[in-house]
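As structure tokens, the structure follows; a few thoughts come after it.
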Amino acid sequence: MEIITQNHSNEIERNEKIQNFSKKFHLSSILKACGAYRHKGNSTLSLFIYMVGLIFNNRSMYMDMQINQNKAFSKDTIYRFLNDARINWSKLVALLASNVIGFLKPLTDENRRNVLIIDDSTYARPKSKKTELLANVYDHADHKYVKGFRLLTMLWSDGATSVPLLYRLMSTENKKNRICEASKCDKRSTAYKIRQEAQMKSTDLVIDMLKTAKKYSHSAHYVLFDTWFCFPDSLIKIKKLGYDVISMAKKTPKQLYCYDQQMLSLKDIYKKCKKRPGKSKYMLSVLVQVTKGTEHTMAKVVYIRNRNNRKDYLCLISTDINLTEEEIIQTYAKRWNIEVFFKMCKSYLKLTGECKSVSYDAMTAHVAVVFTRYILLAYEQRCQTDQRTMGELLFYMCQEITDISLTQALELLLSCLKDFLLSENIISETEIQKLLDKYIDTLPAEFSSGLKKCA
């Protein structure tokens with residue numbers, strides 16, 4: 001009896017889909033633009049596509065190499081490719097996402113509020129000891145410090161599809177919390193730059209990421225984030241960049257807003273104002289002035305009930321004061337897409353379990369591979385589920401409808417009515433026919449003559 005191998009019949013079809021995806025969005029040109037050149041041996045495109053498609057075959061790289069021993073490259077070739085410090089992996093994701101966003105943009109209405117969502121998630125490496133830039137980072141989900149990194153991510157979303165645009169694998173700016181330091185590299189290189197960014201404050205790095213996003217995001221006008229980034233200084237800086245912010249605001253007494261010519265906290269403003277009666281979608285809406293030094297901007301604060309605690313309330317702040325309260329709530333609801341994104345990457349795309357390397361370059365490359373997998377799945381999902389892909393079926397249906405004239409349609413309806421009355425035994429067939437004849441006589445001549453001919 002022969003051993004059943006892990007070669008599945010649909011593996012070829014999956015590889016073809018990945019190849020078509022790379023051709024459609026010019027992945028080869030993107031790799032070259034990011035510094036991924038072939039010096040000898042296999043092309044960088046074939047290596048990258050292999051890493052992207054590995055998870056869809058449900059095999060590790062070790063098992064795949066054991067089964068397909070006729071591979072044109074070895075695992076050492078993959079390791080050298082991922083550890084190449086000359087490749088700008090974050091730029092690769094940004095360029096690929098930009099091409100996909102350009103494809104998605106015509107599929108939605110121009111009035112749709114496309115957004116940029118910013119959040120971070122824990123990239124845990126609990127068993128690591130010598131991983132480059134490894135740090136003790138705070139996990140907000142479990143409320144404790146863990147060894148690893150924070151994956152700061154910017155997601156573009158139109159509400160139907162979400163695409164990762166930019167990312168940074170963050171260590172910490174506090175030297176006391178860093179377990180391992182960065183390796184030495186040329187200060188002119190991309191490797192040195194990303195290591196310096198990993199040690200910056202997140203609030204400063206987000207501003208730089210938004211400046212970079214101007215080159216790649218086509219139609220996003222709003223930036224969404226949670227309370228961790230909602231500071232007056234940040235709101236004013238992002239407004240200057242040309243984006244409007246919709247965020248969950250902190251109710252801390254230290255954070256003040258100008259209302260009624262007074263500097264008040266959100267709790268004091270809530271106590272001072274009259275609430276909306278009844279079970280409305282929101283309890284209160286006020287205009288405030290966000291101030292930092294000599295700079296200021298207007299914002300709208302919407303107080304909504306906390307579903308988990310009816311006695312509590314949440315505060316949403318928007319620097320676009322022309323939006324209605326319902327539009328602010330609806331737009332901020334898109335922020336949940338990034339939570340789904342992190343769940344998908346960690347649970348299904350092996351964000352934290354596949355890469356065991358201690359090199360910061362390899363970990364950054366692995367994140368780019370995982371994000372490319374997600375972009376591929378998002379593109380396929382949009383192609384499979386978007387109603388606009390059913391245009392040909394709609395065209396055929398319209399042809400069927402035009403084949404039936406209005407007179408024939410009326411005849412079908414009247415015959416159905418006649419059959420129903422006969423089945424119920426309400427009146428006799430002769431009386432039904434008399435009633436139908438009277439109804440036909442009342443119709444316009446062009447319809448009545450046609451129905452009489454059909455009868």
Steps toward side-chain hydrogen bond (donor to acceptor under 3.5 Å, both in side chains) verdict (Thr161, Arg382): CA-CA 7 Å; Thr161 304; Arg382 190 63 176 265; 2.7 Å; yes
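- Stacking of Lys237 on the aromatic ring of Tyr243 is not recorded, the 6.0 Å distance cut-off and the 45° axial limit not both being met.
- The backbone N or O of Cys230 sits nowhere less than 3.5 Å from a side-chain atom of Ser234 that would complete a donor-acceptor pair.
- To the nearest 0.5 Å, atom CD1 of residue Ile338 and atom CE of residue Met344 are 15.0 Å apart.
- Contact detail for Ile269 and Val288: the closest heavy-atom pair is CD1-CG1, 4.0 Å.
- Residues satisfying the side-chain contact (heavy atoms from CB on, under 4.5 Å) criterion with Lys275, sequence neighbours excluded, are Tyr270.
- Without hydrogens or angle criteria, His221 side chain to Asp244 main chain gives no donor-acceptor distance under 3.5 Å.
- In this structure, the side chain of Asn20 engages the main chain of Glu16 through a donor-acceptor pair within 3.5 Å.
- When atom types are taken as modelled, the side chain of Tyr222 and the backbone of Leu116 share no donor-acceptor pair closer than 3.5 angstrom.
- A centroid separation of less than 6.0 Å is found between the aromatic rings of Trp89 and Phe81.
- Panel note: side chain Asp260, backbone Gln262; no donor-acceptor pair is recorded below 3.5 Å.
- Residues meeting the salt bridge (Lys or Arg N to Asp or Glu O under 4.0 Å) test with Asp312, sequence neighbours left out: Lys251.
- For the pair Ile246/Leu323, a side-chain contact is recorded, criterion being any heavy-atom separation below 4.5 Å from C-beta on.
- With hydrogens and angles disregarded, a donor-acceptor distance shorter than 3.5 Å links the side chain of Thr212 to the backbone of Asp208.
- Residues that satisfy the side-chain hydrogen bond (donor to acceptor under 3.5 Å, both in side chains) test with Glu380, not counting sequence neighbours, are absent from this structure.
- Counting heavy-atom neighbours within 6.0 Å of Lys272 NZ, excluding the residue itself, gives a total above 12.
- Summarising the geometry of Leu256 relative to Ser265, their closest heavy-atom pair is CD2-N, 3.5 Å, with the distance given to 0.1 Å.
- In this structure, the side-chain hydrogen bond (donor to acceptor under 3.5 Å, both in side chains) partners of Asn111, at least two apart in sequence or on a different chain, are Asp109.
- Seen from the ring of Tyr123, Arg150 does not count as a face-on cation partner, given the 6.0 Å and 45° thresholds.
- Ser121 pairs by the side-chain contact (heavy atoms from CB on, under 4.5 Å) definition with Phe342, Lys346, not counting sequence neighbours.
- Proximity of a side-chain donor or acceptor of Arg373 to a complementary backbone N or O of Met51 within less than 3.5 Å is detected.
- Residues passing the side-chain hydrogen bond (donor to acceptor under 3.5 Å, both in side chains) test with Gln255, sequence neighbours excluded: Tyr257.
- Classification of Asp119 and Arg335 as a salt-bridged pair holds, one side-chain N sitting under 4.0 Å from a carboxylate O.
- At least one side-chain heavy atom of Lys240 sits under 4.5 Å from a side-chain heavy atom of Glu295.
- Tyr379 meets the ring pair (Phe, Tyr, Trp, His ring centres under 6.0 Å) test with Phe21, Phe25, Phe103; sequence neighbours excluded.
- Listed by chain and number, the residues in a side-chain hydrogen bond (donor to acceptor under 3.5 Å, both in side chains) with Lys75 amount to none (sequence neighbours excluded).
- Two rings, from Phe341 and Phe371, have their centers less than 6.0 Å apart.
- With sequence neighbours left out, Phe225 forms a ring pair (Phe, Tyr, Trp, His ring centres under 6.0 Å) with Phe229.
- Pairs passing the salt bridge (charged side-chain N to carboxylate O under 4.0 Å, His left out) check and including a residue from residues 318-333, sequence neighbours excluded, read Arg113-Glu327, Lys300-Glu325.
- With sequence neighbours excluded, no residue satisfies side-chain contact (heavy atoms from CB on, under 4.5 Å) with Lys356.
- Lys334 has no carboxylate O lying under 4.0 Å from a charged side-chain N of Glu339, or vice versa, which leaves the two without a salt bridge.
- The minimum heavy-atom distance between Leu224 and Thr331, with the atom names listed, is CD1-O, 3.3 Å.
- When all heavy atoms of Lys214 and Gly242 are compared, the pair lying nearest together is NZ-CA, 4.0 Å.
- Judged by distance alone, the side chain of Thr252 and the main-chain N or O of Lys254 form a donor-acceptor pair under 3.5 Å.
- Listed here is the closest heavy atom pair of Ala97 and Pro164: CB-O, 3.2 Å.
- For His140, the side-chain contact (heavy atoms from CB on, under 4.5 Å) partners are Tyr138, not counting sequence neighbours.
- With hydrogens and angles ignored, the 3.5 Å screen pairs no side-chain donor or acceptor of Ser46 with any backbone N or O of Asn42.
- Put simply, the side chain of Asp142 never gets that close to the backbone of Lys144: no donor and acceptor are under 3.5 Å apart.
- For Ala36 against Thr44, the heavy-atom pair with the smallest separation is O-OG1, 3.3 Å.
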Asp437/Gln433 under side-chain hydrogen bond (donor to acceptor under 3.5 Å, both in side chains): CA gap, chis, key distance, verdict: CA-CA 6 Å; Asp437 291 338; Gln433 190 61 46; 3.2 Å; yes
